[in-house]
K.L.:
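A single structure is presented below for examination.
These figures come from a predicted structure and were not determined experimentally. Along the sequence shown, residues carry numbers from 1.
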Amino acid sequence: MPELPEVEVVRRGVATHVVGRSLTDIQLFGHRVARRHVPGPVDLADRLRGRAVTGARRRGKYLWLELDGAVEALVIHLGMSGQLLVEEPESPREKHAHALFDLSDGRQLRFVDQRTFGGLQLVALVPDPFGPGSVPDIIGHIAPDPLEAAFDQQAVSRAMRRRHTQLKRALLDQSLVSGIGNIYADEALWRARLHGERPTERLTAAAVREVLGHAADVMTEALGRGGTSFDSLYVDVNGASGYFERSLNAYGRQGDPCRRCGTPMVRESFMNRSSFSCPRCQRRPRVVG
């Protein structure tokens, strides 16, 4: 599933190629692409047709297009395999293209989603509870991510230490901090030499701030390399894959030597997913009982 850096790469591409253009026509295929838009796909297409795109914004893994009038936005759920591609209208339509947006400059924005977990939704904008500006009402409860100006590392550190939970669970809790997914949580924990099962209430403020800082650093580095692509499902608006997976130190490296100490990396089950860590550099917490 695309995480923050991958979504930000897509947002930047949309900002370059779509913002400032109008949606001259919209074609939606199938019902699933607009299933979150309760009035249905015909209503969604009618309400978007002729609208100008004034901005492309993101919070965590949520992406939305601001529209003229500044009262509502088109939220684009990428899901596990959603892609936004900017192409020439005469280009062959992709097999899993569920939405085509004709742009006023003659090109076409396409929403392609092989696994159909993503979709489109037109929602009202509300004041951002975390700072100036507005956000779609469906994500008003989502906390800022580490790459946002509204992100307050000190406040997030205090909130994490008040929770009686495990560190990795806290990093993935979007009410505390958004945008840190499974891949980048493992990378931040490896850099901080902390195991994901460490209880947050027993960590020092400095330790929590350090892992949050590493999360911001690793996502910034991934962003500079186009994100992390393990297959052809994640691409930018030009169809190019990211290559940060070559720089991963923890995620997916079960059995490989730790790049810091040489100990074989281990995989552990975590919330129906996997966690990867070094058993020497990232000691499991002792059970206190």
K.L.:
Would you mind checking if R191 and E187 are paired as a salt bridge, meaning a charged N to carboxylate O distance below 4.0 Å?
P.N.:
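A salt bridge is absent here (no side-chain N lies under 4.0 Å from a carboxylate O).
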
K.L.:
So do the side chains of P285 and H195 get within less than 4.5 Å of each other, counting heavy atoms only?
P.N.:
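In short, these two side chains touch, coming nearer than 4.5 Å.
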
K.L.:
Do the side-chain N and O atoms of K168 and S275 include a donor-acceptor pair separated by under 3.5 angstrom?
P.N.:
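Yes.
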
K.L.:
Does any part of the side chain of V135, heavy atoms only, come nearer than 4.5 Å to the side chain of L125, both counted from C-beta?
P.N.:
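A side-chain contact is absent here, since even the closest heavy-atom pair is not under 4.5 Å.
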
K.L.:
With distance as the sole test, does H98 use its side chain to make a donor-acceptor pair with the main-chain N or O of H96 at under 3.5 Å?
P.N.:
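Judged by distance alone, yes, a pair lies under 3.5 Å.
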
K.L.:
Tell me, please, which residues at least two apart from D128 pass side chain to side chain donor-acceptor pair (under 3.5 Å).
P.N.:
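Expected list: R59.
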
K.L.:
Return yes if some donor-acceptor pair links the side-chain N/O of R11 with the main-chain N/O of E8 below 3.5 Å, else return no.
P.N.:
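Not confirmed, R11 side chain does not pair with E8 backbone.
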
K.L.:
Under the side chain to side chain contact (heavy atoms under 4.5 Å, CB included) test, which residues partner E66, sequence neighbours left out?
P.N.:
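If we apply the side chain to side chain contact (heavy atoms under 4.5 Å, CB included) test to E66, skipping adjacent residues, the hits are T54, R57, W64.
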
K.L.:
Let me see the working for Y184 and M219 under side-chain contact (heavy atoms from CB on, under 4.5 Å), right down to the final yes or no.
P.N.:
CA-CA 7 Å; Y184 298 111; M219 289 192 293; 3.8 Å; yes

K.L.:
So do the side chains of W190 and R260 get within less than 4.5 Å of each other, counting heavy atoms only?
P.N.:
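Side-chain contact under 4.5 Å: yes.
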
K.L.:
From F111 CZ over to L85 CG, what is the distance, rounded to the nearest 0.5 angstrom?
P.N.:
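Reported to 0.5 Å precision, the distance equals 10.5 Å.
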
K.L.:
R107 and H17: side-chain donor and acceptor closer than 3.5 Å?
P.N.:
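Looking only at side-chain atoms, H17 and R107 do form a donor-acceptor pair, the distance falling under 3.5 Å.
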
K.L.:
Check whether any side-chain heavy atom of L44 sits under 4.5 Å from a side-chain heavy atom of L74, and report yes or no.
P.N.:
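Counting from C-beta outward, L44 and L74 do come under 4.5 Å.
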
K.L.:
Which label fits H77 and Y62: parallel for a plane angle under 30°, tilted from 30 to 60°, or perpendicular past 60°?
P.N.:
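The rings of H77 and Y62 stand perpendicular, inter-plane angle above 60°.
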
K.L.:
Evaluate the side-chain proximity of L194 to Q282: yes if any heavy-atom separation is below 4.5 Å, no if none is.
P.N.:
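No; the side chains remain at least 4.5 Å from each other.
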
K.L.:
Do D43 and R47 sit within salt-bridge range, that is, some charged N less than 4.0 Å from a carboxylate O?
P.N.:
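Yes.
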
K.L.:
Rounded to the nearest 0.5 Å, what's the gap from CG on D217 to CG on L147? Could you check?
P.N.:
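One gets 9.5 Å once the value is rounded to the nearest 0.5 Å.
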
K.L.:
Can you tell if the side chain of L84 reaches within under 4.5 Å of the side chain of I76, non-hydrogen atoms only?
P.N.:
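In short, these two side chains touch, coming nearer than 4.5 Å.
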
K.L.:
Checking side-chain polar atoms at under 3.5 Å, does S157 have a donor or acceptor matched by the opposite partner on R209?
P.N.:
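No, no side-chain donor-acceptor pair sits under 3.5 Å.
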
K.L.:
Mind listing the side-chain donor-acceptor pairs of residues 23-30 below 3.5 Å, one per line with the distance, residues two or more places apart or on another chain?
P.N.:
from: T24; atom 1: OG1; to: D102; atom 2: O; distance (Å): 3.1
from: D25; atom 1: OD1; to: R49; atom 2: NE; distance (Å): 2.9

K.L.:
Between L171 and V211, is there a side-chain heavy-atom distance shorter than 4.5 Å?
P.N.:
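Yes, at least one pair of side-chain atoms sits under 4.5 Å.
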
K.L.:
Can a salt bridge be assigned to the pair E201 and R163 using a cut-off of 4.0 Å between side-chain N and carboxylate O?
P.N.:
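Salt bridge flag = no for R163 with E201.
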
K.L.:
Please evaluate residues D152 and F130 with respect to the criterion side-chain contact (heavy atoms from CB on, under 4.5 Å), reporting the C-alpha separation (whole Å), side-chain torsions for both, the decisive distance (0.1 Å), and the verdict.
P.N.:
CA-CA 10 Å; D152 186 337; F130 299 99; over 6 Å; no

K.L.:
How would you list, by chain and number, every residue that makes a salt bridge (Lys or Arg N to Asp or Glu O under 4.0 Å) with D113, sequence neighbours excluded?
P.N.:
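Expected list: none.
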
K.L.:
Considering residues at least two apart in sequence or located in another chain, which fulfil the side chain to side chain donor-acceptor pair (under 3.5 Å) criterion with R51?
P.N.:
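With sequence neighbours excluded, R51 shows a side chain to side chain donor-acceptor pair (under 3.5 Å) to D68, E72, given in chain and number order.
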
K.L.:
Does any pair with a residue in residues 132-147 pass side chain to side chain donor-acceptor pair (under 3.5 Å), and if so which ones, sequence neighbours excluded?
P.N.:
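Residue pairs with at least one partner in residues 132-147: R58-D145.
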
K.L.:
In Å and rounded to the nearest 0.5 Å, what is the CG to OG1 distance from D173 to T165?
P.N.:
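So the gap between those two atoms works out to 7.5 Å.
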
K.L.:
Hey, is the main chain of Q174 close enough, under 3.5 Å, to the side chain of S178 for a donor-acceptor pair?
P.N.:
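No; judged by distance alone, with no hydrogens or angles, the pair does not exist.
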
K.L.:
Is there side-chain contact between R158 and Q153, with at least one heavy-atom pair below 4.5 Å?
P.N.:
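Counting from C-beta outward, R158 and Q153 never come under 4.5 Å.
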
K.L.:
Will you find, in the side chains of R267 and S274, an N or O donor that is under 3.5 Å from an N or O acceptor?
P.N.:
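Side-chain D/A pair, R267 to S274: present.
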
K.L.:
Please report the C-alpha distance between R110 and E87 in whole Å, then the side-chain angles of each, then the deciding distance to 0.1 Å, and finally whether the side-chain contact (heavy atoms from CB on, under 4.5 Å) criterion is met.
P.N.:
CA-CA 8 Å; R110 300 180 177 184; E87 299 181 317; 2.9 Å; yes

K.L.:
Go through it in stages, so that I can follow the logic: the residues are L212 and V156, the test is side-chain contact (heavy atoms from CB on, under 4.5 Å), and I'd like the CA-CA distance, side-chain angles, deciding distance and then a yes or no.
P.N.:
CA-CA 9 Å; L212 288 171; V156 174; 3.9 Å; yes

K.L.:
Are any side-chain N or O atoms of E210 and backbone N or O atoms of A206, one a donor and one an acceptor, separated by less than 3.5 Å?
P.N.:
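Absent.
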
K.L.:
So, R169 side chain and L167 main chain: donor-acceptor pair closer than 3.5 Å or not?
P.N.:
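Pair absent, no side-chain N/O of R169 close to backbone of L167.
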
